[in-house]
There are 2 protein chains.
Amino acid sequence: MVLASIRKAVEELVAEEGSDAVTIPMVAERAGVNHSSIYRRWGDARTMINDLATYRLDPDRGLPDTGDLRADLTAWAQELISHYSVPVNAALLRGGAATAGENESDCLRNRRSEAAVFAARPGAGFTGDDVIDRVVAPIVYRVVFLPWTLPETDPRSYVDGLFHRSG
Amino acid sequence: MVLASIRKAVEELVAEEGSDAVTIPMVAERAGVNHSSIYRRWGDARTMINDLATYRLDPDRGLPDTGDLRADLTAWAQELISHYSVPVNAALLRGGAATAGENESDCLRNRRSEAAVFAARPGAGFTGDDVIDRVVAPIVYRVVFLPWTLPETDPRSYVDGLFHRSG
DNA sequence: AAGCTAACGCACACATCTTGGCTTTAGGTG
DNA sequence: CACCTAAAGCCAAGATGTGTGCGTTAGCTT
């Protein structure tokens, strides 16, 4: 009950104000709980947001696996685009970007391990880093810096880049 | 004198603490100036940081133009990598990412207009968006999320991707 | 040197965030 | 039902950040 209302308040506020403008008292007021409860549970706003954000994209959801690697990658990329088209998820990614770099447990780590899974499938002539560079990076760039171009973003050309390489 | 010490303090603190953790009192103390001077000049921390960050990469520096488009693009990409290998510049980019999306005047706008210049040169079989997707995005992704991979990042394969496309 | 102006420092008021002690409530256990 | 524990609420003090009125200084012009 309390946790659910906190989660709802955090997601609303992150989408409205941006991840770095959210404070504990703001969340407490909107959630209708006392702010000391939040301080005791998480300590600070960033820990709270990162913790609640962890559950947004299920790591056990399973990856596309039809046997057609190119189609699977395209479906996976489309899944990312759809996910980050939701404002709160985009806002969380931007907030994660602000604190990335130092901590290895950034909000895209799961994405990178998924990329490695695809690169390990038979017939893949590319590495996990290639998937990051050619598929994930352009999508993430658009989410962060050009979100209004996301609805028209077609992952097919990105995935094609993986298969049309020279070396 | 005052401005120089403020600039130095801001750059140090942004590199150390991250762009969103820098407050006016922190800067004032390290710079040895009164915080009211900073409040009067800039109003708030983000305005200050963005203003001081504006001068980090000269928009009039001129782009490589040897006649060899591929070599020019590679040199330009290498310039980006070198620039963002400096910790303060990477930290500023992460801070810019946190507040991007809404305001169109993000910290990478100049990079996009430069990309368009290359795409307009004779013999370019790609658009400015292609340059963003295939060259700028992977570099920016690494700067933000995987900064330790930056020293080994070679822009050539990214640029090659622009010339080996199918459609 | 006198006077002007813009920048700066000082002190204070105010708002907000943070933290801890203590009490109350909810849910489970013997 | 009485007891126990964990979670949440209440309240108050303290720390930090923000904003402003006013006096002072530095640098320039005449």
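All chains are named by letter (A, B, ...) in the order of the sequence lines, taking the proteins before the strands, and each is independently numbered beginning at 1. Excluded from the calculations below are hydrogen atoms, water molecules and symmetry mates; all remaining heavy atoms, backbone and side chain alike, are included.
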### Task
Sugar-phosphate atoms are those with a prime plus P, OP1 and OP2; base atoms are the rest. Using that split, label each nucleotide of nucleotides 4-12 of chain C B, S or - for protein heavy atoms under 4.0 Å, 5' to 3'.
----SBBB-
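There is a side-chain donor-acceptor pair under 3.5 Å between A:S36 and A:N34. Donor-acceptor pairing under 3.5 Å is lacking for the side chains of A:T74 and A:R156. In summary, the side chains of B:T47 and B:D44 do present a donor paired with an acceptor at a separation below 3.5 Å, with no hydrogens or angles considered. Inspection of the A:D130 and A:T127 side chains reveals an N or O donor paired with an N or O acceptor under 3.5 Å.
A salt bridge between A:R30 and A:E16 is present, with a side-chain N of the basic residue lying under 4.0 Å from a carboxylate O of the acidic one.
A donor-acceptor distance shorter than 3.5 angstrom exists from the side chain of B:D72 to the backbone of B:T66, with no hydrogens or angles considered. Between the side chain of B:T153 and the backbone N or O of B:T149, at least one donor-acceptor pair lies under 3.5 Å.
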Dump every N/O contact between nucleotides 25-28 of chain C and the protein below 3.5 Å, one line per pair.
none

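Ring-centre distance between A:F118 and A:F126: not below the 6.0 Å cut-off.
Crowding of B:E29 atom CD: a count of heavy atoms from other residues, nucleotides or ligands under 6.0 Å not exceeding 12.
Running 5' to 3' along DNA chain D, contacts with non-hydrogen atoms of chain B at under 4.0 Å begin and end at D:dG17 to D:dC22.
By the 4.5 Å heavy-atom criterion applied to side chains, B:V10 and B:V22 are not counted as neighbours.
A close approach under 4.0 Å does occur between a side-chain nitrogen or oxygen of A:Y39 and OP1 or OP2 of C:dT18.
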